[in-house]
Number of protein chains: 2
Amino acid sequence: MGRRERKKAATRQALADAALRLFLDRGFDQVSVRDVAEAADVSTTTVFKHFPSKEALLFDLDSDREAALIAVVRDRPEGMSIPTALREHTLRMHPDGAGDPEMARFVELTESTPALREYGRRMWMRHEAALAAAVAEATGAPEDDPGCAALAHFALETVSFARGRGDARQAIEAAFALLEHGWPAAGQR
Amino acid sequence: MGRRERKKAATRQALADAALRLFLDRGFDQVSVRDVAEAADVSTTTVFKHFPSKEALLFDLDSDREAALIAVVRDRPEGMSIPTALREHTLRMHPDGAGDPEMARFVELTESTPALREYGRRMWMRHEAALAAAVAEATGAPEDDPGCAALAHFALETVSFARGRGDARQAIEAAFALLEHGWPAAGQR
DNA sequence: TAAAAAAGTGCAACGACTCAACTTTTCTAT
DNA sequence: ATAGAAAAGTTGAGTCGTTGCACTTTTTTA
């Protein structure tokens with residue numbers, strides 16, 4: 001790895017670090033890209049050579065979540081339904097305040113800033129096509145089967161739905177119950 | 001209605017008209033707010049006194065869609081399930097190229113411009129809470145029941161899901177079938 | 001090793017949007 | 001009816017995110 005690539009990676013890291021620190025400190029909207037650039041001692045243009053947008057400064061660690069999602073569908077235990085497997089995965093991934101306080105502050109920041117919420121949702125929803133394909137593969141349906149695509153879409157949407165509700169865990173469970181069993185008929189309610 | 005309010009409404013209408021014409025003509029990103037202001041013979045700042053954003057210039061006719069949504073749930077025919085009623089409503093509202101060509105061009109514009117797609121979705125999703133309350137009311141569940149909220153969320157998401165898929169009608173039907181009957185068990189697939 | 005290609009950096013600019021001030025219109029108290 | 005206050009419309013100057021163009025630096029190629 002040449003000196004050039006090392007310096008590039010260092011600059012990128014310095015930018016991400018400075019951004020995280022400043023955003024947590026003052027709030028996303030109270031920090032300008034110029035501030036971040038200055039804190040990392042580069043020009044504002046350089047920021048956008050490393051990151052496609054201001055929001056992207058925060059969502060740097062974004063890889064192999066798609067792979068995990070697909071593996072959950074493909075490698076689920078014998079007899080477990082796809083919605084159940086996805087529900088367990090979603091609940092497992094969901095950041096309950098239990099983790100370190102740094103993470104808690106990060107989650108609080110992203111959920112309370114509209115631009116970040118929206119960006120996070122878009123990033124998450126990018127996996128819809130891949131997940132739909134995995135579901136189709138697992139059930140033997142045609143690759144672009146609309147039912148599989150709908151399940152993929154709604155399963156991913158679940159985390160967006162859980163946001164802003166009081167009890168996120170309960171919301172996720174209710175949403176997946178609907179996907180698994182459908183809307184209860186009038187008699188059984 | 002005084003002269004003042006009339007003039008205000010006239011300016012607002014002139015802005016919306018100019019915006020629609022210019023956007024359809026050149027495309028959303030190829031028209032600046034300044035262009036719209038100039039076409040309506042006001043300053044750019046005035047535009048933002050009438051509309052909260054550039055996107056809002058297009059989504060002016062936005063009222064009583066929520067009322068219709070709630071009425072669909074409340075006044076559905078005896079014996080018709082809520083998901084079915086919402087499915088019929090969604091299909092009925094969906095703009096198939098059948099209407100006037102002006103509408104077709106409008107739909108094409110909003111669907112091909114990312115900023116407009118996103119904005120349209122946000123506006124549409126604003127009705128989630130009201131729809132969830134209507135569903136809870138209709139089933140006798142507590143007002144903030146997570147299952148009712150999930151149905152409302154997913155039912156609205158349906159149109160977002162149908163976007164970008166080849167056959168929108170088929171997509172909507174598949175999505176509502178999932179909400180109505182749940183994910184088919186392994187045996188019946 | 002020179003030249004050329006590629007990549008990093010920065011200045012200046014554009015477009016969306018806001019702020020503080022100014023003007024005009026409407027309301028209210030005499 | 002009218003002066004003065006309050007409300008609302010309008011504006012020019014500025015901020016912030018983001019991009020095009022020019023320049024420097026590093027790597028590759030002849």
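Note on naming: letters A, B, ... go to the chains in the order of the sequence lines (proteins, then strands), and numbering restarts at 1 for each one.
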Whether [X] contacts [N] is assessed here as follows: a side-chain N or O lying under 4.0 Å from the phosphate OP1 or OP2. Is that the case?
X	N	value
A:H50	C:dG8	no
A:K49	C:dT9	no
A:T46	C:dG10	yes

Could you state the atom-to-atom distance from [atom1] of [X] to [atom2] of [N] in whole Å?
X	N	atom1	atom2	value
A:F28	D:dG17	CZ	C1'	10 Å
A:R12	C:dG8	CZ	P	11 Å
A:K7	D:dT25	NZ	C1'	9 Å
A:D35	D:dT18	CG	P	14 Å
B:E38	C:dA16	CD	P	13 Å
B:F48	D:dG9	CZ	P	16 Å
B:K8	C:dT24	NZ	P	19 Å
A:R6	D:dT27	CZ	C1'	14 Å

From the set [options], return the single nucleotide nearest to any side-chain atom of [X].
X	options	value
B:T45	D:dT19, C:dC17, D:dA13	D:dA13
B:K54	C:dA16, D:dT18, D:dT10	C:dA16
B:E55	C:dC17, D:dG9, C:dG10	C:dC17

Presence of donor-acceptor pair under 3.5 Å, side chain of B:R34 and base of C:dG15:
no
Check this for me: does any side-chain nitrogen of one of A:R74 and A:E137 sit under 4.0 Å from a carboxylate oxygen of the other?
no
If you define the side chain from C-beta out and look only at heavy atoms, does anything of B:V31 sit under 4.5 Å from B:D25?
no
Do A:L69 and A:L156 have side chains that approach each other closer than 4.5 Å (heavy atoms only, starting at C-beta)?
yes
Taking the nucleotide of DNA chain D with the nearest heavy atom to each, does B:T11 or A:S53 sit closer to the 5' end?
B:T11
Under 4.0 angstrom, heavy atoms only, what part of the nucleic acid is B:V31 near: base, sugar-phosphate, or nothing?
sugar-phosphate
Would you mind classifying the nucleic acid contact of B:V47 as base, sugar-phosphate or nothing, using non-hydrogen atoms under 4.0 angstrom?
nothing
Out of A:L179, A:L151, A:T84, A:L86, which residue meets the side-chain contact (heavy atoms from CB on, under 4.5 Å) rule with B:W183?
A:L151
Examine A:K54 relative to A:Y119 and say whether NZ or CZ is less than 6.0 Å from the centre of the six-membered ring and inside a 45° cone about the ring axis.
no
